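Chain A is the first sequence line, chain B the second, and so forth, proteins listed ahead of strands; every chain is numbered from 1. Here the structure is a predicted model, which means the values were calculated and not measured. The basis for the numbers below is simple: all heavy atoms, side chains too, and nothing from hydrogens, waters or symmetry mates.
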Amino acid sequence: MDLLSGLNHQQHQAVTAPPGPVLVLAGPGSGKTRVLTHRIAYMVAHLGIRPGEVLAVTFTNKAAREMRSRVEDLLGEEPSNGPRLTLGTFHAFSARMLRREAADGDLPFTRDFVIFDDSDQRSLIRQALKEFNLDPKQVQPAKVQNAISAAKNELIGPEAFVANTYFSEVARRVYLRYQQLLQQNNALDFDDLLFWAVRLLREDAGTLARYRQTYRHILVDEFQDTNTAQYVLLRLLAGEAPDLFAVGDADQSIYRWRGADYRNVQRFQQDYPQAQVILLEQNYRSTQTILDAAMAVIDRLPGRRRKRLFTERGRGTRILVHEAYDEADEASFVVETIALLIHSGEVQPRDCAVMYRTNAQSRALEEAFLRAKLPYRLVGAQRFYGRREVKDIIAYLRLIHNPADQVSLLRVLNTPPRGLGAKSVAALLRAAEERGLPPGEFLIALAEEGGEELLAPFTRRAAAALTDFGAMLARWFRTRQDLPLAELVDRVLADVGYREYIDDGTEEGRDRWENVLELRNAAQEFSSLGLTTFLEHLALVSDQDTLTEDQNAPILLTLHAAKGLEFPVVFIIGLDDGVLPHQRSFEDPEAMAEERRLFYVGLTRAKDRLFLVRAFRRRTFGFSSIADPSRFLLDLPQDLLEGAQLGFQTPSEATFARQTRWGSASIASPPEARYRVGMRVAHATFGEGVVLETRLDHDDEEVTVVFEEAGIKRLVASLAGLEILEG
DNA sequence: TAGTCTGGGCTTTTT
DNA sequence: GCCCAGACTA
């Protein structure tokens, strides 16, 4: 086994750098994963470091899995008997640590804690706002949530939260109450995982020493996307004699809104002035055309360390820019082009990826794929786990795992409906509080002890329903250890009659039930690992983690989710000002810079072919609007591009350009329309003109008119009030 | 209490 | 144009 052959000079240098702080600045496609895996293997094979001493932190679980298997491949099948390499995301690592340490520490939760997701957090914040008699319309829960999250990422606890405005005073109070509520629920949110991990290591010298002793060698991937909490955590673990190997690329920093700060790259060099810095510039992924385009985009950012990305792969094909008419047309273009590429034998379906700025953009694509009867893969865990039926079942499981979880209890107590409305819930909460128990445990007690007196506060109907529910919960709770996970899920589903509740015979009902079954399948895979692990997995899955390799189909994903991946053929759609860059970033230069980096990330995912697509007209919020081409498109040197000139293009030109390019014959003839080409019309503002063309869009008609004074305008007939003069 | 209605907000991006 | 929370009605 020769670990070092096949590495270029810089890679070699990085892999074999002497232990100590090392910063690898790795351009896209420069083999950073390779460097990381080879370095780990090198440390184990050549430096005699035991795998158990190594901690490698990645950005997604998927990356962690891949890295593990690549390291194992490099090291061969030697069954090592010591502890394995520790590999995972910051959050997963922290969660594991906190579970281990929660037993005897001063931490305000037990090792059975649950991890609250976004919507759980939201509901606690709503609850807190309600308690303070604050109107969620005046004080947006989402804003408070962001403020709390930002504070935690900066390691600012509620006691240290400084309030100097009305809003921040509200946020401060909600923050305090929110933490109490989390504690009552024996729950942590995402940010807490990092927050408490840091606090634990800071305040408990013994634990810190133990962890430093264990993890003497630390590697971090995607370092530019660490936030303060993560950075501090790293520094704590790395300790006095740091062997800390960080790989990152400030140009690919796209998580500022999550507290990430690419300046951690500079901070690293300040904190470790002795750090060795290695620059990886040679690209092994893309054609030079793609790299030139990417550099043209990123080099416009001021104040950065320029990289000269180069490849030995040659120039390759030009980048194709296409302007579609609307999002449906945009999606058709993508699907037709993919079909054509596959048909030509050039590529496999799985080689193609379609990237977009916002999740909402996947809809039109999905419809186009369905229409064409072509399979596709959609990356996006949140979408699945955010579904009502999936959340319901997870809530049941969380409640079984942790009966103190009130958020989950309230979600499922009357789902499916069992006659427990607001009144009964209020009575339950009161009764539980009097008893000094979390409501979930109160219900279990109710079922196990029975007793008239416990039931006194309830109506007869509510009492019966609550006793039933408590009995089920107690049963599940007792058997949760012995029953295989999937069977536990089956038991719950059967006991509560979930299928009858969700599957009402409609197509939607069937879909919902299938989602439940999919969750059950996931549970089956975790059967040997148990409920705790399963729930933790559910809480910490990333979108990328849902990307499966088993299906040979094109992939649809957000630009964010595309980070770290590569594909032979890449489409980036929605290259309109307002979409990419996103409207919300217009005001803030930092946000705009991040949009640019996001586009850069997208461009550099492509190995061979790159398609940049935009739509002249787009429906957002149900309103149709017209956008300018993305300003980023204008930064691309013309000689790298082929395809239609951007700018004015009539709908039929867009369709025609597409259809002639791909040699497809038929051009759809428009159905009947009120206006006809050649008609003379009058408009209140624009004056008189002649109809150039018309197009029916859904149930409205769109008319392109050349006005004598105002020039060419596109109008929606129902709004424009065009008067027909002759024709 | 359960089901229907309605109005408002929503679309950034996700561990 | 969709989805949810809260209001309203049976």
Checklist entry - Out of B:dT13, B:dT15, B:dT11, which nucleotide sits closest to the side chain of A:Phe190? => result B:dT15
Next on the checklist: Looking at A:Arg111 and A:Glu101, is any side-chain nitrogen of the basic one under 4.0 Å from a carboxylate oxygen of the acidic one?
Outcome noted: no
Checklist entry - For A:Arg618 and B:dT11, what is the distance between atoms CZ and C1' respectively, to the nearest whole Å? => result 12 Å
Checklist entry - A:Thr89 or A:Ala462: which one's nearest nucleotide on DNA chain B is closer to the 5' end? => result A:Ala462
Checklist entry - In whole angstroms, how far is the P atom of C:dG1 from the CD atom of A:Gln361? => result 17 Å
Item to check | Comparing A:Ala92 and A:Glu595 on DNA chain B - which has the more 5′ nearest nucleotide | outcome: A:Glu595
Next on the checklist: Regarding A:Ser424, tell me which of base, sugar-phosphate or nothing describes its non-hydrogen contacts under 4.0 Å with the strands shown.
Outcome noted: sugar-phosphate
Using a cutoff of under 3.5 Å, can you pull out all pairs of nitrogen or oxygen atoms linking the protein to nucleotides 2-8 of chain B, with atom names and distances?
from  : atom 1 : to       : atom 2 : distance (Å)
B:dA2 : OP1    : A:Gly419 : N      : 2.9
B:dA2 : OP2    : A:Asn414 : ND2    : 3.1

Item to check | A:Asp577 vs A:Gln583, side chain to side chain donor-acceptor pair (under 3.5 Å): CA-CA, chis, key distance, verdict | outcome: CA-CA 7 Å; A:Asp577 245 37; A:Gln583 190 105 35; over 6 Å; no
Item to check | Nearest-Å distance for atom pair CD1/P, residues A:Ile254 and B:dT15 | outcome: 11 Å
Next on the checklist: Starting the side chain at C-beta, find the nucleotide from B:dC10, B:dT15, B:dT13 nearest to A:Gln140.
Outcome noted: B:dC10
Next on the checklist: Tell me the interatomic distance from A:Gln145, atom CD, to B:dT14, atom C1', rounded to whole angstroms.
Outcome noted: 12 Å
Checklist outcome for this item: Interatomic distance, CG@A:Asn515 vs CZ@A:Arg388, rounded to 0.5 Å, equals 11.5 Å
Next on the checklist: Rounding to an integer number of Å, can you tell me how far A:Glu222 CD sits from B:dT14 C1'?
Outcome noted: 14 Å
Checklist entry - A:Tyr255 near the nucleic acid: base, sugar-phosphate alone, or nothing, with a heavy-atom cut-off under 4.0 Å? => result sugar-phosphate
Item to check | Closest listed nucleotide, where the reference is the side chain of A:Arg619 and the choices are C:dG1, C:dG6, B:dT15 | outcome: C:dG1
Checklist entry - Any ion pair linking A:Arg122 and A:Asp189 (charged N to carboxylate O, less than 4.0 Å)? => result no
Next on the checklist: Regarding A:Asp326 and A:Arg619, does a basic nitrogen lie under 4.0 Å from an acidic carboxylate oxygen?
Outcome noted: no
Checklist entry - Does a side-chain N-to-carboxylate-O contact under 4.0 Å join A:Asp635 and A:Arg631? => result no
Checklist entry - How are the rings of A:Tyr255 and A:Trp257 set to each other: parallel, tilted or perpendicular (split at 30° and 60°)? => result tilted
Checklist entry - Distance check: side-chain N/O of A:Thr60 vs OP1/OP2 of B:dT15, anything under 4.0 Å? => result no
Checklist entry - With distance as the sole criterion, is a donor-acceptor pair present between the side chains of A:Asn402 and A:Asp112 under 3.5 Å? => result no
Checklist outcome for this item: In whole angstroms, the gap separating C1' of B:dT15 from CG of A:Asp189 amounts to 11 Å
Checklist entry - What is the distance, rounded to the nearest whole Å, between atom CZ of A:Arg256 and atom C1' of B:dT13? => result 12 Å
Checklist entry - Is any side-chain nitrogen or oxygen of A:Asn227 closer than 4.0 Å to OP1 or OP2 of B:dT15? => result no
Next on the checklist: Please report the distance, rounded to the nearest Å, between CG in A:Leu193 and P in B:dT14.
Outcome noted: 19 Å
Item to check | Whether A:Trp257 stacks on the six-membered ring of B:dT13 base, 5.5 Å and 30° limits | outcome: yes
